[in-house]
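Structure first, then comments.
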Amino acid sequence: MTQTSHDSARTAYDILIVGGGMVGLALAIDSARQGLATLVVEQELPEPETPVAGVYSPRVSAISRQSRDWLTAMGVWQHLPAKRPCAYHEMKVWDRLGQGRIGFHADEVQADNLGHIIENRWLISALWHQAEHTPGLTVLAGRTVQHWSLQGEQVQARLSDDTTATASVLAACDGRFSTIRREAGMATREWDYQQKAIVTTVRHRQPHRGVAHQVFLDTGPLAFLPLQDETGDQQASSIVWSVDNDAVQTLLDLPKADFLTALNRAFENTLGELTDCDPRFSFPLQQMHSKHYIAPRLALVGDAAHALHPLAGQGVNLGFQDAAALAAEWHRAHQRGEDPGSERTLRRYQRQRQGHNLAAMAAMEGFKRLYGSDNPLAVLGRNWGMSQLNRLPLVKRPLISTALGRPRAS
Ligand SMILES: Cc1cc2nc3c(=O)[nH]c(=O)nc-3n(C[C@H](O)[C@H](O)[C@H](O)COP(=O)(O)OP(=O)(O)OC[C@H]3O[C@@H](n4cnc5c(N)ncnc54)[C@H](O)[C@@H]3O)c2cc1C
């Protein structure tokens, strides 16, 4: 068991966070920076690793400018392996069933890039590193919360090592299948797309030159997200390929050469020959939204509150925005000598985040339906729409700004 502790004898905290994934650790660092005594309980042990050139892990995230700025302000981004966060300055999107094409370029909004693609593994290890150097933050890894209850104005938790901890508020950052959310009896709304995303890293003959690609197939989107290692190599991309449930196993079982042929046919040979790929994984494509983000002395954050279709590339960015909003509310309460777990504080958090996240999910749902259809009228309409949009910088610019996570520019 690992303990990253600045006061290991302590049992009373301001904040208890269950789940030390990307969102939980970021929330913990921000909350401790605001002067709140913070405890994180994470079931997994951290894996100390060193990057190896040419070796990539399959789970990656597209990190928006807004998320990067926040992570930089907290001293996290600086711990990422040099050159690994791959800046992408252009995104090309097209429809396989027509002529519709749209391109987004960082120049259109006077930005250096549209975001970065980074393997989750390195982001988590940078967060761990910074957590270890944040005063007022204790991380208990390899442990879970066995039981928790409200005791007056406190949350009391019994951990798997038979110790107890108390805090003013509990933040559930334990992911899409949140045990804390379930134990609190908080209802969710779920959409199952009856599809899975196939994820792997592929190598291609031509360099991606910092361009992200997304093609809409009749089954759903296929994304090629550019990767880069310490040597600056640009001939690897992470793919997320949406496939109907009944076709997934066939693609996973295909011999590698046949899989690469099928993939490159779908991708229209955009980066030249695909020369290799890593083992393939698949994830179910579902959206989930909790009807409430708060309960007495409890807040849901990140995937515990909402899980998006990866087409958006927004999941962890929305989680980071939740975390930043909640930490800011805690800070505000703390400065005024108020209780960070009060209903007033938690309501302010829910008000800020729930509508925003729901709007992002509704947009994804609409997009998915439009592009999931092979009805000729829908195909014609979306191709026409994409081509028109591509010619309208005044409409495109706000879209790019939204993707960057910054206020809309006019
Ligand atoms: C195929 C795919 C591609 C994606 N691509 C992108 C992308 O490009 N960009 C993007 O922004 N998002 C993407 N996402 C979504 C993104 O991965 C999630 O939004 C993000 O991981 C959520 O982070 P989280 O910390 O909220 O939850 P999680 O990453 O699920 O972390 C939860 C943590 O809680 C711990 N935990 C769980 N239960 C307990 C317990 N009982 N006690 C203690 N600890 C516990 C877990 O071990 C884990 O560390 C993608 C998702 C998928 C499936």
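Counting convention: from 1, in listed order, for ligands and their atoms alike. The shown structure was predicted, so the numbers you read here are calculated from the model rather than taken from an experiment.
Of all atoms in ligand 1, listed by their number and element, those nearer than 4.0 Å to a heavy atom of Val18 are 42 (N), 43 (C). Atoms of ligand 1 lying under 4.0 Å from any heavy atom of Val199, numbered from 1 in the order shown and given with element: 1 (C). Listed by number with element, the atoms of ligand 1 under 4.0 Å from a non-hydrogen atom of Gly21 are 25 (O), 31 (O), 33 (C), 49 (O).
When the options Gly115, Gly175, Gly20 are ranked by their closest heavy atom to atom 27 (O) of ligand 1, first place goes to Gly175. Considering Leu300, Asp303, Asp174 only, the shortest heavy-atom separation from atom 37 (C) of ligand 1 involves Asp174. Among Arg176, Glu42, Gln146, the residue whose heavy atom lies closest to atom 46 (C) of ligand 1 is Glu42.
At a heavy-atom cutoff of 4.0 Å, ligand 1 is contacted by the backbone of Val60 but not by its side chain. Contacts between Val41 and ligand 1, counted as non-hydrogen atom pairs separated by less than 4.0 Å, involve the backbone only. Here Cys173 has backbone heavy atoms under 4.0 Å from ligand 1, and that is the only part of it that gets that close.
Pairs of residues two or more places apart, or lying in two chains, that qualify as salt bridge (Lys or Arg N to Asp or Glu O under 4.0 Å) and include a residue from residues 314-324 are Asp322-Arg353. Contacts classified as ring-ring contact (aromatic ring centres under 6.0 Å, His included) and involving residues 16-75 (residues at least two apart or in different chains) are given here: Trp70-Phe320.
Residue Val316 places at least one N or O, backbone or side chain, under 3.5 Å from an N or O of ligand 1. Close N/O approach between Val23 and ligand 1 is found [any backbone or side-chain N/O within under 3.5 Å]. Any N or O atom pair closer than 3.5 Å counts here, and Arg59 shares at least one such pair with ligand 1. Residue Val145 has no N or O atom closer than 3.5 Å to an N or O atom of ligand 1. Between Arg143 and ligand 1, no pair of N/O atoms sits closer than 3.5 Å.
Here the rule is salt bridge (charged side-chain N to carboxylate O under 4.0 Å, His left out) with Asp276, and of Arg203, Lys256, Arg205 only Lys256 fits it.
Contact analysis puts Ala62 in contact with ligand 1, with a non-hydrogen atom separation below 4.0 angstrom.
Taking the ring axis of Phe259 as reference, the NZ or CZ atom of Arg280 stays within 45° of it and closer than 6.0 Å to the ring centre. A cation-pi arrangement is absent between Arg332 and Trp330, since the terminal nitrogen or guanidinium carbon is not both under 6.0 Å from the aromatic centre and inside a 45° cone about the axis.
Relative orientation of the His213 and Phe267 rings is perpendicular, given thresholds of 30° and 60° on the angle between their planes.
Closest of all the heavy-atom pairs between His208 and Ala236 is CD2-O, 3.3 Å.
The number of heavy atoms from other shown groups lying within 6.0 Å of CD (Glu47) does not exceed 12.
Remark: Glu329 does not engage Arg344 in a salt bridge, criterion side-chain N to carboxylate O under 4.0 Å.
Side-chain contact between His334 and Pro340: absent, with no pair of heavy atoms (C-beta onward) separated by less than 4.5 Å.
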